[in-house]
There are 2 protein chains.
Amino acid sequence: MSVHREIRTQMQDCGDCPIRHRAVCARCEADELAQLEQIKYYRSYQAGQTVIWSGDKMDFVASVVTGIATLTQTMEDGRRQMVGLLLPSDFVGRPGRSYAAYDVTATTDLVMCCFRRKPFEEMMGSTPHIAQRLLEMTLDELDAAREWMLLLGRKTAREKIASLLAIIARRDASLKQPRTAATMTFDLPLTREEMSDYLGLTLETVSRQMSALKRDGIITLDGKRQVTIPSMDALMDETGDDSDGGYLV
Amino acid sequence: MSVHREIRTQMQDCGDCPIRHRAVCARCEADELAQLEQIKYYRSYQAGQTVIWSGDKMDFVASVVTGIATLTQTMEDGRRQMVGLLLPSDFVGRPGRSYAAYDVTATTDLVMCCFRRKPFEEMMGSTPHIAQRLLEMTLDELDAAREWMLLLGRKTAREKIASLLAIIARRDASLKQPRTAATMTFDLPLTREEMSDYLGLTLETVSRQMSALKRDGIITLDGKRQVTIPSMDALMDETGDDSDGGYLV
DNA sequence: CGCCGCGTTGAAGCGTCTCAAAATCCGTGG
DNA sequence: CCACGGATTTTGAGACGCTTCAACGCGGCG
């Protein structure tokens, strides 16, 4: 994995922002947005590049604009566990904390909208709309983390893979095809190793279970990355979740 | 486990509250506290009693005042995973959500300070101090959940047990003995089965690893529940964590 | 062309689970 | 005070699922 240079991206108007209505700024009024524009700047990273290392000084917080990033923890002996998958509109960093608690890595090409930390923290105090939205997003993250705890602690390898595919498929569908098509196709944004880091498995087990799901007709593969799900119901049956789980809100 | 009747506890002044400075109300001024007193009421539960079932209607949020509660998720076939351990000052429920997302159970006798949900949500809008503190607490919870994801996904059974004991010991020390005594003793608030639900293990594996830690002199047991840790350093060596992990903030 | 990153597949080992039985603890009633 | 019964915990033996170690296949790129 070669090291790429970090690239600064040209300024952009918040009005045109693709994550305007979902990110931490979602509830801001025009004047508040203008204030945010004062302290924001964009950064781009290439696939594979590290955004920040755990323990490093972090003088910004940010929103993912496009692309996918991951949060991972690493033990002394090299065991790794992914603890977050950051999608467009997701928030990176913690107000009030000056160092990074996790490794942040770009798994695809990535653009982030960064805010200098100090001014952002001051704005949080004076702008309830930001703090409100951040609370809501953090509560959602906490729910997601707890669902992942169930997966890590109690699901079988096959159920783990099926759950991950279901999550990616559902998210992909919400962007590409608002209607619930019976059959869906998407590109896996993660390597087998990244999948294994997320699921608490080895990459060999991931590969074997992918093959098993293919053999059983739950998924089909074009190349290594493009996944087609003929029946979302059949996939859901493999996740171990309640049939109605996640739909009632 | 017999079903006990829920008991209402007599009113109490916020000024005397043992969690006054750590709970969701920690930053409130006197007038804000007075407002909270209007919508608060206490509830007590006996050890083993269920506070609320996942999916049930939940028209309050609450703080744990004394005792310990757990959040657990259950799969259709009965597999269970604990996703939260609620200690005094911890918050229960989610503003804006009218049903419970998890089973909440009292593992010891428990007293909660409950707020009617609707008035509490209104207060959150008008009282930044509450929302600020809740955000801070939620971010802490998220960090804890992510640390638990590493444990569930990557640690061995022995490391899991050692980690749990270390967490309980450290918390207990922060209450009972502010100084870092070399040797510490505490009562386990969890049964073997509850420990297994937290750690993603079977209760038999928990029991075996407890015996192994005892055999190796990492812990000593008086009865089944009272644990003594002769050397906190020796215990920390068994957790798999960095030697300096968790201390730098 | 040959290298390298990524993915697949195989075989053996090991850690945890499952099933089973015995030991211990604790509240209750005699 | 002791006996009893049920809940909890411990311990054992075998099974099983995932990991480990290893070899091989595939595709892109210098």
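Keep in mind it's a predicted model, so treat the numbers as computed, not measured. In the text below, chain A, chain B and the rest are named by the order of the sequence lines, each starting its count at 1.
For the pair A/Lys214 NZ and C/dG7 C1', the computed distance is 10 Å after rounding to whole Å. Between A/Leu201 atom CG and C/dG7 atom C1' there is a gap of 16 Å when expressed in whole angstrom units. If you measure from atom CG of A/Leu203 to atom C1' of D/dT19, you get 11 Å, rounded to the nearest angstrom. In this structure, A/Ile161 atom CD1 and D/dG17 atom C1' are separated by 14 Å, rounded to whole Å. For the pair A/Asp187 CG and C/dG7 P, the interatomic distance rounds to 13 Å; values are reported in whole Å. Put simply, CG on B/Leu199 is 13 Å from C1' on C/dT16, counting in whole angstrom units. Counting to the nearest Å, the P atom of D/dT19 and the CD atom of A/Gln209 are 10 Å from each other. Summarising the geometry, the separation between CE on B/Met210 and C1' on D/dT10 is reported as 12 Å, rounded to the nearest angstrom.
A side-chain donor from one of A/Tyr102 and B/Asp143 sits under 3.5 Å from a side-chain acceptor of the other.
B/Arg208 has no side-chain polar atom (N or O) that falls below the 4.0 Å cut-off from OP1 or OP2 of D/dT11. A sub-4.0 Å separation between OP1 or OP2 of C/dT16 and a side-chain N or O of B/Thr205 is absent. Checking the phosphate oxygens (OP1, OP2) of D/dT11, a side-chain nitrogen or oxygen of B/Ser211 falls inside 4.0 Å.
Sorted by first and then second residue, the ring pair (Phe, Tyr, Trp, His ring centres under 6.0 Å) pairs involving residues 201-240 of chain A (not counting sequence neighbours) form an empty list. Within the structure, the side-chain hydrogen bond (donor to acceptor under 3.5 Å, both in side chains) test picks out the following pairs touching residues 209-222 of chain A (sequence neighbours left out): A/Arg158-A/Asp216. The ring pair (Phe, Tyr, Trp, His ring centres under 6.0 Å) contacts involving residues 198-228 of chain B comprise B/Trp148-B/Tyr198, where partners must be two or more places apart or lie in separate chains.
The structure places OG1 of A/Thr138 at 9.0 Å from CG of A/Leu142, a figure rounded to the nearest 0.5 Å.
Minimum atom distance to the side chain of A/Ser207 is reached by C/dT8, of the listed C/dT8, D/dT20, D/dT9. Here C/dG7 is the nucleotide among C/dC19, D/dT9, C/dG7 with the atom lying nearest to any side-chain atom of A/Thr191.
Comparing B/Glu204 and B/Arg158 along DNA chain C, the residue whose closest nucleotide (by nearest heavy atom) sits nearer the 5' end is B/Arg158.
Considering A/Leu110, A/Val64, A/Leu71, A/Thr105 as possible partners of A/Val51, the one that fulfils the side chain to side chain contact (heavy atoms under 4.5 Å, CB included) test is A/Leu110.
Near DNA chain D, defined here as any heavy-atom distance below 4.0 Å, there are no residues from residues 216-225 of chain A.
Counting heavy atoms from C-beta outward, A/Leu188 and A/Met210 have side chains that approach closer than 4.5 Å.
Between its two ends, the helix from C/dC1-D/dG30 to C/dG30-D/dC1 turns its axis by 30°, counting five pairs per end and rounding to 10 degrees.
Here the shortest heavy-atom pairing between A/Asp90 and A/Leu85 reads OD2-O, 3.6 Å.
B/Phe91 pairs by the ring-ring contact (aromatic ring centres under 6.0 Å, His included) definition with B/Phe120, not counting sequence neighbours.
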